[in-house]
Amino acid sequence: MKRLEAYLSRHAQTLIGSLGRLARQPFATFLTMAVVAAALALPLLLDVVLVNARAATLGWNQAFDLSVYLDKKTGEDRRQALVRDLQARPDVAAVRLITADQALAAFRAASGFGKALDALTDNPLPDTLIVTPSLAASTPEGTAALRAAIAALPNVETAQLDTDWVKRLLAILEVLRRVVQVSAALLGAAVVLVVGNTIRLDVASRRAEIEVMKLVGATDGFARRPFLYGGLWYGLGGGLLALAVVGLATHLLAAPVARLAIAYGSPFRLQGLGLRPAGEALLLAVAASWLGSWLAATHHIRAIDPT
Amino acid sequence: MADTPILALEGLSKRYRRDRPPIFENLRLALGRGDYVAVMGESGVGKSTLLNLLSGLDRPDAGHVLLDGVDITRLDDDAATRLRRRAVGFVFQAFHVLPYLSVAGNVALPLDLLGVTGPQRAQRTADMLAAVGLADAAGRLARELSGGEVQRVAIARALVHRPRLVLADEPTGNLDPRNAAQILGLLRDQVKAHAGAGLLITHSRAAAETADRILVLEADGLHPPAGGR
(Lines give C-alpha, C1' and ligand atoms only; values in the text may rest on other atoms or scores of the structure.)
Protein backbone atom coordinates (compact mmCIF):
# COMPACT_ATOMS: atom_id res chain seq x y z
CA MET A 1 0.00 0.00 0.00
CA LYS A 2 2.87 2.36 0.91
CA ARG A 3 4.60 1.52 -2.36
CA LEU A 4 1.44 2.36 -4.28
CA GLU A 5 1.13 5.64 -2.40
CA ALA A 6 4.76 6.48 -3.16
CA TYR A 7 4.24 5.53 -6.82
CA LEU A 8 1.14 7.70 -7.15
CA SER A 9 2.83 10.52 -5.27
CA ARG A 10 5.79 10.44 -7.70
CA HIS A 11 3.41 10.54 -10.66
CA ALA A 12 1.48 13.43 -9.15
CA GLN A 13 4.72 15.32 -8.53
CA THR A 14 5.85 14.70 -12.11
CA LEU A 15 2.45 15.76 -13.46
CA ILE A 16 2.53 19.04 -11.56
CA GLY A 17 6.25 19.54 -12.17
CA SER A 18 5.78 19.17 -15.93
CA LEU A 19 2.98 21.74 -15.85
CA GLY A 20 5.23 24.10 -13.90
CA ARG A 21 7.99 23.65 -16.46
CA LEU A 22 5.57 24.58 -19.29
CA ALA A 23 4.30 27.55 -17.30
CA ARG A 24 7.86 28.87 -17.00
CA GLN A 25 8.01 29.11 -20.83
CA PRO A 26 4.57 30.57 -21.50
CA PHE A 27 5.18 31.84 -25.04
CA ALA A 28 6.73 28.61 -26.37
CA THR A 29 4.04 26.57 -24.61
CA PHE A 30 1.27 28.73 -26.06
CA LEU A 31 2.70 28.43 -29.58
CA THR A 32 2.76 24.64 -29.40
CA MET A 33 -0.76 24.52 -27.99
CA ALA A 34 -1.92 26.97 -30.69
CA VAL A 35 -0.54 24.71 -33.44
CA VAL A 36 -2.31 21.72 -31.87
CA ALA A 37 -5.50 23.81 -31.62
CA ALA A 38 -5.31 24.91 -35.27
CA ALA A 39 -4.87 21.30 -36.40
CA LEU A 40 -7.88 20.19 -34.37
CA ALA A 41 -10.17 23.15 -35.02
CA LEU A 42 -10.41 22.55 -38.79
CA PRO A 43 -11.95 19.05 -38.68
CA LEU A 44 -14.10 20.11 -35.73
CA LEU A 45 -15.50 23.04 -37.70
CA LEU A 46 -16.14 20.77 -40.68
CA ASP A 47 -17.93 18.38 -38.34
CA VAL A 48 -20.11 21.22 -37.08
CA VAL A 49 -20.99 22.07 -40.70
CA LEU A 50 -21.83 18.41 -41.39
CA VAL A 51 -23.97 18.00 -38.28
CA ASN A 52 -25.88 21.17 -39.12
CA ALA A 53 -26.34 20.18 -42.75
CA ARG A 54 -27.85 16.90 -41.59
CA ALA A 55 -30.07 18.71 -39.10
CA ALA A 56 -31.20 21.16 -41.79
CA THR A 57 -32.17 18.35 -44.16
CA LEU A 58 -33.80 16.17 -41.53
CA GLY A 59 -37.24 17.64 -42.35
CA TRP A 60 -36.72 16.79 -45.97
CA ASN A 61 -37.47 13.12 -45.50
CA GLN A 62 -40.92 13.90 -46.95
CA ALA A 63 -38.98 13.94 -50.20
CA PHE A 64 -38.93 10.20 -49.77
CA ASP A 65 -42.77 10.02 -49.71
CA LEU A 66 -44.22 7.54 -52.17
CA SER A 67 -47.27 8.35 -54.29
CA VAL A 68 -49.25 5.12 -54.67
CA TYR A 69 -51.94 5.27 -57.39
CA LEU A 70 -54.76 2.73 -57.08
CA ASP A 71 -56.64 1.30 -60.01
CA LYS A 72 -60.18 2.53 -60.72
CA LYS A 73 -61.78 -0.72 -59.57
CA THR A 74 -60.60 -0.31 -55.96
CA GLY A 75 -63.56 -0.02 -53.66
CA GLU A 76 -63.88 1.82 -50.35
CA ASP A 77 -63.32 -1.33 -48.22
CA ARG A 78 -60.23 -2.27 -50.15
CA ARG A 79 -58.83 1.29 -49.90
CA GLN A 80 -59.23 1.24 -46.10
CA ALA A 81 -57.72 -2.26 -45.94
CA LEU A 82 -54.73 -1.04 -47.91
CA VAL A 83 -54.30 1.95 -45.58
CA ARG A 84 -54.43 -0.34 -42.50
CA ASP A 85 -52.01 -2.89 -43.99
CA LEU A 86 -49.50 -0.22 -44.95
CA GLN A 87 -49.72 1.54 -41.59
CA ALA A 88 -48.93 -1.79 -39.90
CA ARG A 89 -45.60 -2.10 -41.73
CA PRO A 90 -42.48 -1.28 -39.64
CA ASP A 91 -40.92 0.62 -42.55
CA VAL A 92 -43.91 2.95 -42.85
CA ALA A 93 -44.41 5.99 -40.63
CA ALA A 94 -47.71 7.31 -42.03
CA VAL A 95 -50.27 6.75 -44.78
CA ARG A 96 -52.57 9.46 -46.10
CA LEU A 97 -55.43 8.73 -48.49
CA ILE A 98 -56.34 11.30 -51.13
CA THR A 99 -59.47 10.15 -52.86
CA ALA A 100 -60.05 10.85 -56.55
CA ASP A 101 -62.73 13.40 -55.62
CA GLN A 102 -60.38 15.23 -53.21
CA ALA A 103 -57.67 15.25 -55.83
CA LEU A 104 -59.99 16.67 -58.45
CA ALA A 105 -61.25 19.37 -56.09
CA ALA A 106 -57.68 20.35 -55.23
CA PHE A 107 -56.73 20.41 -58.90
CA ARG A 108 -59.78 22.48 -59.73
CA ALA A 109 -58.85 25.02 -57.04
CA ALA A 110 -55.18 25.17 -57.93
CA SER A 111 -55.30 25.00 -61.72
CA GLY A 112 -58.06 27.46 -62.63
CA PHE A 113 -59.44 24.93 -65.17
CA GLY A 114 -62.77 24.67 -63.33
CA LYS A 115 -65.01 25.06 -66.35
CA ALA A 116 -62.99 22.70 -68.47
CA LEU A 117 -63.15 20.10 -65.71
CA ASP A 118 -66.93 20.52 -65.53
CA ALA A 119 -67.07 19.24 -69.09
CA LEU A 120 -65.65 15.90 -68.01
CA THR A 121 -68.22 13.17 -67.53
CA ASP A 122 -65.95 11.08 -65.40
CA ASN A 123 -63.19 11.86 -62.87
CA PRO A 124 -59.96 10.79 -64.59
CA LEU A 125 -57.86 10.99 -61.43
CA PRO A 126 -57.15 7.83 -59.35
CA ASP A 127 -57.34 7.39 -55.60
CA THR A 128 -53.86 8.04 -54.19
CA LEU A 129 -52.08 6.92 -51.03
CA ILE A 130 -49.21 9.14 -49.82
CA VAL A 131 -46.91 6.79 -47.91
CA THR A 132 -44.21 8.27 -45.62
CA PRO A 133 -41.41 5.79 -44.83
CA SER A 134 -40.21 5.40 -41.25
CA LEU A 135 -36.98 7.25 -40.32
CA ALA A 136 -34.99 4.02 -40.53
CA ALA A 137 -36.33 3.35 -44.02
CA SER A 138 -35.73 6.92 -45.22
CA THR A 139 -32.74 5.99 -47.30
CA PRO A 140 -32.55 5.47 -51.05
CA GLU A 141 -32.24 1.70 -50.50
CA GLY A 142 -35.03 1.55 -47.90
CA THR A 143 -37.51 3.51 -49.96
CA ALA A 144 -36.69 1.54 -53.11
CA ALA A 145 -37.45 -1.72 -51.25
CA LEU A 146 -40.67 -0.25 -49.87
CA ARG A 147 -41.72 0.96 -53.31
CA ALA A 148 -41.16 -2.51 -54.80
CA ALA A 149 -43.19 -4.15 -52.01
CA ILE A 150 -46.12 -1.72 -52.44
CA ALA A 151 -46.09 -1.98 -56.24
CA ALA A 152 -46.64 -5.73 -55.91
CA LEU A 153 -49.86 -5.31 -53.88
CA PRO A 154 -53.23 -5.96 -55.52
CA ASN A 155 -55.09 -2.87 -56.78
CA VAL A 156 -51.88 -0.82 -56.88
CA GLU A 157 -51.38 0.53 -60.36
CA THR A 158 -48.21 2.55 -59.82
CA ALA A 159 -45.97 3.40 -56.89
CA GLN A 160 -43.84 6.48 -57.67
CA LEU A 161 -40.73 7.76 -55.99
CA ASP A 162 -38.50 10.60 -57.15
CA THR A 163 -35.38 10.55 -55.05
CA ASP A 164 -32.65 11.54 -57.49
CA TRP A 165 -32.04 14.96 -55.99
CA VAL A 166 -32.19 13.54 -52.46
CA LYS A 167 -29.65 10.91 -53.50
CA ARG A 168 -27.37 13.66 -54.75
CA LEU A 169 -27.74 15.60 -51.52
CA LEU A 170 -27.03 12.53 -49.43
CA ALA A 171 -24.01 11.77 -51.61
CA ILE A 172 -22.67 15.28 -51.02
CA LEU A 173 -23.15 14.87 -47.27
CA GLU A 174 -21.38 11.52 -47.42
CA VAL A 175 -18.45 13.11 -49.27
CA LEU A 176 -18.35 15.82 -46.62
CA ARG A 177 -18.37 13.17 -43.88
CA ARG A 178 -15.40 11.43 -45.51
CA VAL A 179 -13.59 14.77 -45.86
CA VAL A 180 -14.08 15.31 -42.13
CA GLN A 181 -12.73 11.82 -41.37
CA VAL A 182 -9.70 12.14 -43.68
CA SER A 183 -8.83 15.64 -42.50
CA ALA A 184 -9.25 14.54 -38.87
CA ALA A 185 -6.84 11.64 -39.48
CA LEU A 186 -4.29 13.83 -41.28
CA LEU A 187 -4.46 16.64 -38.77
CA GLY A 188 -4.38 14.13 -35.90
CA ALA A 189 -1.12 12.84 -37.40
CA ALA A 190 0.05 16.46 -37.58
CA VAL A 191 -0.62 16.81 -33.84
CA VAL A 192 1.48 13.67 -33.21
CA LEU A 193 4.33 15.12 -35.28
CA VAL A 194 4.15 18.65 -33.85
CA VAL A 195 4.13 17.46 -30.24
CA GLY A 196 6.76 14.82 -31.04
CA ASN A 197 9.05 17.47 -32.47
CA THR A 198 8.52 19.77 -29.51
CA ILE A 199 9.33 16.94 -27.11
CA ARG A 200 12.41 16.03 -29.19
CA LEU A 201 13.73 19.56 -28.68
CA ASP A 202 12.80 19.39 -25.01
CA VAL A 203 14.75 16.12 -24.59
CA ALA A 204 17.75 17.65 -26.40
CA SER A 205 17.72 20.70 -24.13
CA ARG A 206 17.65 18.47 -21.04
CA ARG A 207 20.21 15.98 -22.24
CA ALA A 208 22.67 16.65 -19.38
CA GLU A 209 19.93 16.14 -16.83
CA ILE A 210 18.86 12.86 -18.43
CA GLU A 211 22.47 11.64 -18.47
CA VAL A 212 22.81 12.33 -14.76
CA MET A 213 19.46 10.69 -14.05
CA LYS A 214 20.51 7.59 -15.97
CA LEU A 215 23.86 7.46 -14.20
CA VAL A 216 22.30 7.53 -10.76
CA GLY A 217 19.82 4.83 -11.69
CA ALA A 218 16.85 6.25 -13.59
CA THR A 219 15.37 3.82 -16.10
CA ASP A 220 14.39 5.15 -19.52
CA GLY A 221 10.77 4.94 -18.36
CA PHE A 222 11.48 7.14 -15.35
CA ALA A 223 13.37 9.70 -17.45
CA ARG A 224 10.54 9.66 -20.02
CA ARG A 225 7.74 10.33 -17.56
CA PRO A 226 7.93 14.16 -17.37
CA PHE A 227 7.95 14.36 -21.17
CA LEU A 228 4.83 12.20 -21.38
CA TYR A 229 3.05 14.46 -18.95
CA GLY A 230 4.32 17.44 -20.96
CA GLY A 231 2.66 15.89 -24.03
CA LEU A 232 -0.53 15.42 -22.05
CA TRP A 233 -0.61 19.11 -21.13
CA TYR A 234 0.08 20.15 -24.74
CA GLY A 235 -2.86 18.00 -25.89
CA LEU A 236 -5.19 19.20 -23.16
CA GLY A 237 -4.30 22.86 -23.70
CA GLY A 238 -4.45 22.57 -27.50
CA GLY A 239 -7.76 20.67 -27.30
CA LEU A 240 -9.37 23.25 -25.04
CA LEU A 241 -8.10 26.05 -27.28
CA ALA A 242 -9.58 24.28 -30.34
CA LEU A 243 -12.95 23.91 -28.59
CA ALA A 244 -12.85 27.61 -27.72
CA VAL A 245 -12.17 28.48 -31.40
CA VAL A 246 -15.05 26.27 -32.58
CA GLY A 247 -17.34 27.72 -29.91
CA LEU A 248 -16.46 31.26 -30.94
CA ALA A 249 -16.95 30.50 -34.64
CA THR A 250 -20.35 28.89 -33.95
CA HIS A 251 -21.36 31.87 -31.84
CA LEU A 252 -20.37 34.34 -34.58
CA LEU A 253 -22.25 32.39 -37.28
CA ALA A 254 -25.41 31.67 -35.26
CA ALA A 255 -27.17 35.00 -35.84
CA PRO A 256 -26.57 35.28 -39.63
CA VAL A 257 -27.61 31.64 -40.13
CA ALA A 258 -30.77 32.21 -38.10
CA ARG A 259 -31.64 35.29 -40.25
CA LEU A 260 -31.08 33.24 -43.41
CA ALA A 261 -33.29 30.42 -42.12
CA ILE A 262 -36.05 32.88 -41.19
CA ALA A 263 -35.88 34.37 -44.67
CA TYR A 264 -36.63 30.87 -46.05
CA GLY A 265 -39.35 30.29 -43.46
CA SER A 266 -37.33 27.59 -41.73
CA PRO A 267 -37.11 27.12 -37.96
CA PHE A 268 -33.50 25.88 -38.38
CA ARG A 269 -30.92 27.20 -35.90
CA LEU A 270 -27.15 26.54 -35.94
CA GLN A 271 -26.08 23.89 -33.43
CA GLY A 272 -22.78 23.94 -31.52
CA LEU A 273 -20.42 20.99 -31.19
CA GLY A 274 -22.27 19.27 -28.35
CA LEU A 275 -20.86 17.93 -25.10
CA ARG A 276 -20.05 14.41 -26.23
CA PRO A 277 -18.25 15.28 -29.48
CA ALA A 278 -16.35 17.99 -27.58
CA GLY A 279 -15.28 15.45 -24.97
CA GLU A 280 -14.24 12.99 -27.67
CA ALA A 281 -12.24 15.70 -29.45
CA LEU A 282 -10.47 16.58 -26.21
CA LEU A 283 -9.67 12.92 -25.57
CA LEU A 284 -8.35 12.55 -29.12
CA ALA A 285 -6.15 15.64 -28.68
CA VAL A 286 -4.68 14.29 -25.46
CA ALA A 287 -4.18 10.81 -26.97
CA ALA A 288 -2.45 12.19 -30.10
CA SER A 289 -0.18 14.44 -28.04
CA TRP A 290 0.62 11.63 -25.64
CA LEU A 291 1.49 9.37 -28.58
CA GLY A 292 3.73 12.04 -30.14
CA SER A 293 5.55 12.63 -26.87
CA TRP A 294 5.89 8.90 -26.20
CA LEU A 295 7.39 8.23 -29.64
CA ALA A 296 9.84 11.14 -29.44
CA ALA A 297 10.82 10.69 -25.78
CA THR A 298 11.26 6.93 -26.07
CA HIS A 299 13.46 7.20 -29.16
CA HIS A 300 15.62 10.12 -28.06
CA ILE A 301 16.03 9.11 -24.40
CA ARG A 302 17.06 5.60 -25.42
CA ALA A 303 19.72 7.16 -27.65
CA ILE A 304 21.28 9.06 -24.73
CA ASP A 305 24.27 7.09 -23.49
CA PRO A 306 25.36 8.23 -20.03
CA THR A 307 28.85 6.73 -20.46
CA MET B 1 30.63 -19.77 5.50
CA ALA B 2 32.33 -16.62 4.25
CA ASP B 3 30.24 -13.48 3.60
CA THR B 4 29.26 -12.81 -0.02
CA PRO B 5 31.60 -10.09 -1.34
CA ILE B 6 29.93 -6.78 -2.04
CA LEU B 7 31.74 -6.63 -5.37
CA ALA B 8 33.40 -9.55 -7.16
CA LEU B 9 35.05 -9.49 -10.59
CA GLU B 10 35.55 -12.92 -12.12
CA GLY B 11 37.76 -13.16 -15.21
CA LEU B 12 36.51 -9.84 -16.61
CA SER B 13 37.64 -9.04 -20.18
CA LYS B 14 36.75 -6.26 -22.57
CA ARG B 15 37.72 -5.44 -26.12
CA TYR B 16 36.34 -2.74 -28.39
CA ARG B 17 37.16 -4.37 -31.73
CA ARG B 18 37.48 -8.02 -32.60
CA ASP B 19 40.63 -7.40 -34.66
CA ARG B 20 42.38 -5.66 -31.74
CA PRO B 21 43.72 -7.15 -28.49
CA PRO B 22 41.48 -6.74 -25.44
CA ILE B 23 41.80 -3.50 -23.54
CA PHE B 24 42.14 -5.72 -20.47
CA GLU B 25 41.40 -9.33 -19.63
CA ASN B 26 40.98 -11.73 -16.75
CA LEU B 27 40.39 -9.06 -14.08
CA ARG B 28 39.75 -10.56 -10.65
CA LEU B 29 38.82 -8.66 -7.52
CA ALA B 30 36.72 -9.10 -4.40
CA LEU B 31 35.64 -6.24 -2.14
CA GLY B 32 34.09 -7.00 1.24
CA ARG B 33 32.38 -4.79 3.78
CA GLY B 34 34.57 -1.86 4.81
CA ASP B 35 37.02 -2.25 1.92
CA TYR B 36 38.14 0.95 0.25
CA VAL B 37 40.38 0.22 -2.72
CA ALA B 38 42.05 2.48 -5.27
CA VAL B 39 42.59 1.35 -8.86
CA MET B 40 45.35 3.24 -10.66
CA GLY B 41 46.39 3.15 -14.26
CA GLU B 42 47.82 5.17 -17.08
CA SER B 43 45.54 7.15 -19.35
CA GLY B 44 43.85 4.88 -21.90
CA VAL B 45 44.37 1.69 -19.91
CA GLY B 46 40.60 1.30 -19.47
CA LYS B 47 39.82 2.79 -16.05
CA SER B 48 36.57 4.41 -17.20
CA THR B 49 35.65 1.27 -19.12
CA LEU B 50 36.14 -0.73 -15.93
CA LEU B 51 33.87 1.67 -14.06
CA ASN B 52 31.18 1.32 -16.72
CA LEU B 53 31.41 -2.48 -16.49
CA LEU B 54 31.20 -2.43 -12.69
CA SER B 55 28.06 -0.32 -12.78
CA GLY B 56 26.31 -2.23 -15.55
CA LEU B 57 26.53 0.66 -18.00
CA ASP B 58 28.60 -1.51 -20.36
CA ARG B 59 28.91 -5.26 -20.89
CA PRO B 60 32.08 -7.34 -20.79
CA ASP B 61 33.16 -9.73 -23.55
CA ALA B 62 33.92 -12.35 -20.92
CA GLY B 63 33.68 -12.76 -17.17
CA HIS B 64 31.22 -11.64 -14.54
CA VAL B 65 30.56 -8.70 -12.24
CA LEU B 66 28.80 -9.80 -9.07
CA LEU B 67 27.23 -7.03 -7.04
CA ASP B 68 26.02 -8.41 -3.72
CA GLY B 69 26.02 -11.83 -5.37
CA VAL B 70 23.91 -10.69 -8.36
CA ASP B 71 25.61 -11.03 -11.75
CA ILE B 72 24.98 -7.60 -13.25
CA THR B 73 26.29 -8.75 -16.66
CA ARG B 74 23.32 -11.11 -17.00
CA LEU B 75 20.68 -8.49 -16.29
CA ASP B 76 18.82 -6.58 -18.97
CA ASP B 77 19.29 -2.80 -19.10
CA ASP B 78 16.31 -1.96 -16.89
CA ALA B 79 17.17 -4.56 -14.26
CA ALA B 80 20.82 -3.42 -14.23
CA THR B 81 19.63 0.17 -13.85
CA ARG B 82 17.39 -0.77 -10.92
CA LEU B 83 20.26 -2.63 -9.23
CA ARG B 84 22.60 0.33 -9.83
CA ARG B 85 19.98 2.72 -8.42
CA ARG B 86 19.69 0.71 -5.22
CA ALA B 87 23.20 -0.58 -4.64
CA VAL B 88 25.68 1.87 -6.20
CA GLY B 89 26.66 5.46 -5.55
CA PHE B 90 28.75 7.43 -8.04
CA VAL B 91 31.19 10.31 -7.72
CA PHE B 92 32.47 11.67 -11.02
CA GLN B 93 35.34 13.92 -12.03
CA ALA B 94 32.87 16.15 -13.89
CA PHE B 95 30.56 16.24 -10.84
CA HIS B 96 27.37 15.67 -12.90
CA VAL B 97 25.35 17.80 -10.54
CA LEU B 98 22.22 19.46 -11.94
CA PRO B 99 22.95 23.21 -11.81
CA TYR B 100 19.35 24.42 -11.67
CA LEU B 101 18.35 22.14 -8.80
CA SER B 102 18.94 23.12 -5.20
CA VAL B 103 21.73 21.44 -3.29
CA ALA B 104 19.13 19.42 -1.35
CA GLY B 105 17.33 18.54 -4.60
CA ASN B 106 20.54 17.17 -6.08
CA VAL B 107 21.39 15.15 -2.98
CA ALA B 108 17.87 13.72 -2.77
CA LEU B 109 17.86 12.55 -6.40
CA PRO B 110 18.65 8.87 -5.60
CA LEU B 111 15.95 8.92 -2.91
CA ASP B 112 13.48 10.29 -5.45
CA LEU B 113 14.37 7.48 -7.82
CA LEU B 114 13.90 4.94 -5.03
CA GLY B 115 10.55 6.39 -4.04
CA VAL B 116 11.69 7.62 -0.61
CA THR B 117 9.41 10.54 0.22
CA GLY B 118 8.25 12.79 3.03
CA PRO B 119 10.06 13.16 6.35
CA GLN B 120 12.41 10.23 5.64
CA ARG B 121 13.63 11.91 2.46
CA ALA B 122 14.09 15.24 4.22
CA GLN B 123 15.90 13.71 7.21
CA ARG B 124 18.32 11.60 5.17
CA THR B 125 19.11 14.52 2.88
CA ALA B 126 19.73 16.84 5.83
CA ASP B 127 21.91 14.24 7.59
CA MET B 128 24.03 13.72 4.50
CA LEU B 129 24.44 17.44 3.86
CA ALA B 130 25.55 17.86 7.45
CA ALA B 131 28.03 15.00 7.01
CA VAL B 132 29.70 16.73 4.06
CA GLY B 133 29.63 20.17 5.71
CA LEU B 134 26.88 21.71 3.58
CA ALA B 135 24.06 21.85 6.11
CA ASP B 136 23.63 25.58 5.53
CA ALA B 137 23.62 25.31 1.74
CA ALA B 138 20.57 23.06 1.31
CA GLY B 139 18.45 25.71 -0.37
CA ARG B 140 21.11 27.17 -2.63
CA LEU B 141 21.26 26.37 -6.31
CA ALA B 142 24.07 24.00 -7.25
CA ARG B 143 25.34 26.47 -9.86
CA GLU B 144 26.12 28.97 -7.10
CA LEU B 145 28.65 26.65 -5.43
CA SER B 146 32.43 26.40 -5.81
CA GLY B 147 34.05 23.31 -7.40
CA GLY B 148 34.93 21.80 -4.02
CA GLU B 149 31.41 22.39 -2.72
CA VAL B 150 29.88 20.84 -5.83
CA GLN B 151 31.97 17.73 -5.32
CA ARG B 152 30.76 17.58 -1.71
CA VAL B 153 27.21 17.63 -3.08
CA ALA B 154 28.16 14.76 -5.39
CA ILE B 155 29.58 12.76 -2.49
CA ALA B 156 26.42 13.36 -0.47
CA ARG B 157 24.33 12.27 -3.42
CA ALA B 158 26.42 9.12 -3.84
CA LEU B 159 25.85 8.10 -0.24
CA VAL B 160 22.39 9.40 0.71
CA HIS B 161 20.68 6.12 -0.18
CA ARG B 162 23.29 4.07 1.73
CA PRO B 163 24.54 2.09 -1.24
CA ARG B 164 26.50 -1.15 -0.93
CA LEU B 165 29.22 0.17 -3.21
CA VAL B 166 30.55 3.63 -4.02
CA LEU B 167 32.41 4.10 -7.29
CA ALA B 168 34.49 7.25 -7.59
CA ASP B 169 36.06 8.20 -10.93
CA GLU B 170 38.88 10.76 -10.58
CA PRO B 171 36.79 12.64 -7.99
CA THR B 172 39.41 15.34 -7.51
CA GLY B 173 40.50 15.69 -11.13
CA ASN B 174 38.94 19.16 -11.40
CA LEU B 175 39.97 20.46 -7.98
CA ASP B 176 43.00 22.33 -6.67
CA PRO B 177 45.36 20.32 -4.39
CA ARG B 178 44.00 21.74 -1.11
CA ASN B 179 40.38 21.05 -2.02
CA ALA B 180 41.41 17.67 -3.46
CA ALA B 181 42.95 16.53 -0.19
CA GLN B 182 39.86 17.59 1.77
CA ILE B 183 37.50 15.84 -0.66
CA LEU B 184 39.50 12.62 -0.67
CA GLY B 185 39.50 12.52 3.13
CA LEU B 186 35.80 13.25 3.21
CA LEU B 187 35.04 10.61 0.59
CA ARG B 188 36.97 7.96 2.48
CA ASP B 189 35.33 8.84 5.81
CA GLN B 190 31.83 8.90 4.36
CA VAL B 191 32.25 5.66 2.43
CA LYS B 192 33.45 3.99 5.62
CA ALA B 193 30.49 5.47 7.55
CA HIS B 194 27.61 5.02 5.09
CA ALA B 195 28.46 2.47 2.39
CA GLY B 196 29.51 -1.16 2.21
CA ALA B 197 32.66 -0.68 0.16
CA GLY B 198 34.35 1.87 -2.08
CA LEU B 199 36.39 1.76 -5.25
CA LEU B 200 38.38 4.84 -6.18
CA ILE B 201 39.63 5.05 -9.74
CA THR B 202 42.44 7.54 -10.23
CA HIS B 203 45.71 8.18 -12.00
CA SER B 204 46.98 10.17 -9.01
CA ARG B 205 49.28 8.39 -6.59
CA ALA B 206 48.41 10.89 -3.87
CA ALA B 207 44.70 10.22 -4.30
CA ALA B 208 45.21 6.47 -4.38
CA GLU B 209 47.12 6.56 -1.12
CA THR B 210 43.97 7.62 0.74
CA ALA B 211 42.62 4.11 0.09
CA ASP B 212 43.28 1.01 2.19
CA ARG B 213 44.73 -0.84 -0.76
CA ILE B 214 46.06 0.13 -4.19
CA LEU B 215 45.80 -1.96 -7.36
CA VAL B 216 47.18 -1.10 -10.78
CA LEU B 217 45.06 -1.82 -13.84
CA GLU B 218 47.05 -3.39 -16.65
CA ALA B 219 46.03 -5.25 -19.77
CA ASP B 220 46.43 -8.64 -18.09
CA GLY B 221 44.77 -7.89 -14.80
CA LEU B 222 44.78 -5.94 -11.53
CA HIS B 223 48.14 -6.05 -9.75
CA PRO B 224 49.66 -4.55 -6.62
CA PRO B 225 51.85 -1.58 -7.50
CA ALA B 226 55.59 -1.99 -7.90
CA GLY B 227 57.09 -1.43 -4.45
CA GLY B 228 53.88 -2.71 -2.90
CA ARG B 229 51.45 -1.18 -0.47
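Numbered from 1 within each chain, the chains take letters A, B, ... in sequence-line order. Because the structure is a prediction, the values reported are computed rather than measured.
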*Determine, stepwise, if the pair B:R82 / A:T219 fulfils side chain to side chain contact (heavy atoms under 4.5 Å, CB included).*
CA-CA 7 Å; B:R82 281 194 291 273; A:T219 58; 4.3 Å; yes
*Grab the two heavy atoms, one from A:K214 and one from B:R84, that are nearest each other, plus how far apart they are.*
O-NH2, 3.0 Å
*What do you reckon, is OH of B:Y16 surrounded by more than 12 foreign heavy atoms closer than 6.0 Å?*
yes
*Answer yes or no: are there more than 12 heavy-atom neighbours, outside B:E218 itself, under 6.0 Å from its atom CD?*
yes
*If you take all heavy atoms of B:L113 and A:G217, which pair is closest and at what distance?*
CD1-C, 3.9 Å
_B:R157 portion near chain A, given a 4.5 angstrom heavy-atom threshold_ = side chain
*Considering residues, nucleotides and ligands other than A:L275, do more than 12 of their heavy atoms fall under 6.0 Å from its CG?*
no
*Taking only residues two or more places apart in sequence, or in another chain, which ones meet A:E209 in a salt bridge (Lys or Arg N to Asp or Glu O under 4.0 Å)?*
A:R206
*Would you mind checking which part of B:L57 comes under 4.5 Å of any heavy atom in chain A, side chain (CB onward), backbone (N, CA, C, O), both or neither?*
both
*What part of B:D112 is in contact with chain A, defined as an atom under 4.5 angstrom from a non-hydrogen atom: side chain, backbone, both or neither?*
backbone
*asked:* Quick check on B:L98 against chain A: is it the side chain, the backbone, both or neither that has a heavy atom closer than 4.5 Å?
replied: side chain
*Region of B:N52 in contact with chain A, defined by heavy-atom distances below 4.5 Å*: side chain
*State, yes or no, whether a side-chain contact exists between A:L215 and B:H96 at a heavy-atom distance under 4.5 Å.*
yes
*Got B:L109 and A:M213 here, is their nearest side-chain heavy-atom distance under 4.5 Å?*
yes
*asked:* Atom CZ of residue position A:R269 - does it have more than 12 heavy atoms of other residues, nucleotides or ligands inside 6.0 Å?
replied: yes
